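Note: hydrogens, waters and symmetry copies are ignored here, and every other heavy atom, side chains too, is used. Bear in mind the structure is a predicted one, so any value in this text is a computation, not a measurement. Proteins get letters first, then strands, A, B, ... in listed order; numbering begins at 1 in each.
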Protein chains: 2
Amino acid sequence: MHVAADTEAGPYRVPLSRDRVLRAAVRIADEAGIGALTMRRLAEELGAEAMSLYYHVANKDEVLDGIADVVAREINEVVDALDVPSAGAQWKTAVRRRILAAREVLLRHPWAPAVFETRAAMSPEILLYHDRLLGLMRDGGFSYDLGHHALHALGSRALGFSQELFDPGDGSGADEALAGFAERLPHLVGMLAEIAHDDPDSTLGWCDDQAEFEFGLDLILEGLDRLRERSS
Amino acid sequence: MHVAADTEAGPYRVPLSRDRVLRAAVRIADEAGIGALTMRRLAEELGAEAMSLYYHVANKDEVLDGIADVVAREINEVVDALDVPSAGAQWKTAVRRRILAAREVLLRHPWAPAVFETRAAMSPEILLYHDRLLGLMRDGGFSYDLGHHALHALGSRALGFSQELFDPGDGSGADEALAGFAERLPHLVGMLAEIAHDDPDSTLGWCDDQAEFEFGLDLILEGLDRLRERSS
DNA sequence: ACCTGAACACCGTTCAAGT
DNA sequence: ACCTGAACACCGTTCAAGT
């Protein structure tokens, strides 16, 4: 059972807030699994009634979006504190360190990849994470095209996703979502600009899933084949 | 709205059966998403009451296990009909064809990977699928050790999973699950035997997730690095 | 043997009402 | 401004009862 962390004297309860609601939600998901996260259980954790939550969040969907964002922010904090040289051939160690650091955070929130997968593809924090990853590859001399393939190929490994990354349902609305804070996503924006130049009809929803899937698959198969030859 | 496919005259309704229940469940998930699959909706699809379902399946969990198995069986049917030479260097095309064929089936049941991920790790059909895949790699000269790494590395690509493959929760019970029809899983059993020989304390739950994650990650990074060098 | 109606303990959410 | 009680339309599931 959780007791209020607040030690202020008197009978006054800590007031609810969007932030407290989301932090409590993460706590429940961590300790009891995402299935245990119900509005009633969440209210109980906060010593309130379920209906009080609706003053601070619109609905449960917003809670799920919110906790995905909390974890993504935690990942970015850990990962941005890393300081690994990434010029030239060093890109590989830099990307490796970043992804392994992100994975450590995710292991503390095992429910997070599944939540990301259903809703967070376009969350600002997730976009920042991938922009930085693409930045490291650019430091290593990647073209935007290769960087783009690489993000797809790393896919699940980068953030625990299993399927497509930036696929915003029907493919529309993605550019708009980006436009808002484009100046903070130089690499993603640069990549999209080049793609738009090469293929004027393209949008962010443009990725050829089949081609990307095959790119990643072939990368793995060729790597395995080299190991096979080396061992025989 | 779905009308009964049965054309038999008379007022007699087609009786329910476990098979009809599962096929209806797959139909609902395909057409309306896994979220629309409720016991009441499922009964409606079959022209019965929700409570009638419980005579044919124990509970909803069994329905979910069941539909995962239906899709896995469909994959195995498609994939076993393939006849691609796999000796030596041809293993790669053989594995490639198989995985792409499996993916085509999964694209018809987009809800399936998520369902697999939560429950089907040890389903017989899933085990068969991976046994065959491992068999193709053996044809290509893979050691069991390399084949084992390869199954992890292909991971999500092989069946749309994002996380670990054979991880049966606490790691126990896996050997027992296999023992039942071991003679039909020659490759997996061979692999496990070798692992048991090398490490007598091991079980199927033994896999070092971190090591496997890094193996797959490095395979991709090294592949990308080669493409980078080639393009500069 | 197979199916069902009523009922229970849960969900998320609305809405009018409290302070 | 912030919180709540009663209520609604849903869930999965049990159990006694129907044919």
For this session: Starting from the C-alpha separation in whole Å, work towards a yes-or-no answer on salt bridge (Lys or Arg N to Asp or Glu O under 4.0 Å) for Glu49(A) and Arg40(A).
Result: CA-CA 7 Å; Glu49(A) 297 301 315; Arg40(A) 284 171 169 88; over 6 Å; no

For this session: Report the C-alpha distance between Leu37(B) and Ile67(B) in whole Å, list the side-chain angles of each, state the deciding distance to 0.1 Å, and finish with yes or no for side chain to side chain contact (heavy atoms under 4.5 Å, CB included).
Result: CA-CA 11 Å; Leu37(B) 180 58; Ile67(B) 61 175; 3.9 Å; yes

For this session: Given side chain to side chain contact (heavy atoms under 4.5 Å, CB included), test Ile126(A) with Ile75(A) step by step and report yes or no.
Result: CA-CA 9 Å; Ile126(A) 301 279; Ile75(A) 289 174; over 6 Å; no

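The outermost nucleotides of DNA chain C lying under 4.0 Å from heavy atoms of chain A, listed 5' to 3', are dC11(C) to dT14(C).
Between Arg98(B) and Asp80(B) there is a salt bridge, since a side-chain N of the basic residue sits under 4.0 Å from a carboxylate O of the acidic one. A salt bridge is defined here as a Lys NZ or Arg NE, NH1 or NH2 lying under 4.0 Å from an Asp or Glu carboxylate O, and Asp83(B) with Arg97(B) fails to meet this definition.
Mapping Ala50(A) and Arg40(A) onto DNA chain D by nearest heavy atom places Ala50(A) at the nucleotide closer to the 5' end. Comparing Pro15(A) and Leu37(B) by the nucleotide of DNA chain D whose heavy atom lies nearest to each, the residue mapping closer to the 5' end is Pro15(A). Toward the 5' end of DNA chain C, the nearer of the two residues Tyr55(B) and Asn59(A), judged by each one's closest nucleotide, is Tyr55(B).
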Seminar exercise, completed: Applying the Watson-Crick and G-U criteria (both distances under 3.5 angstrom) with [ ] for crossing and | for other-strand pairs, one obtains for DNA chain D ||.|||||...|||||.||

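Note that CG of Asp69(A) is 12.0 Å distant from CZ of Arg119(A), once rounded to the nearest 0.5 Å.
With sequence neighbours left out, Ala24(A) forms a side-chain contact (heavy atoms from CB on, under 4.5 Å) with Arg27(A), Leu42(A), Glu45(A), Leu46(A).
At the heavy-atom level, Thr38(B) lies under 4.0 Å from the strands shown only through sugar-phosphate atoms. Counting non-hydrogen atoms under 4.0 angstrom, Met51(A) reaches a base of the nucleic acid.
Residues Asn76(B) and Arg73(B) are not in side-chain contact: their nearest non-hydrogen atoms beyond the backbone lie 4.5 Å or more apart.
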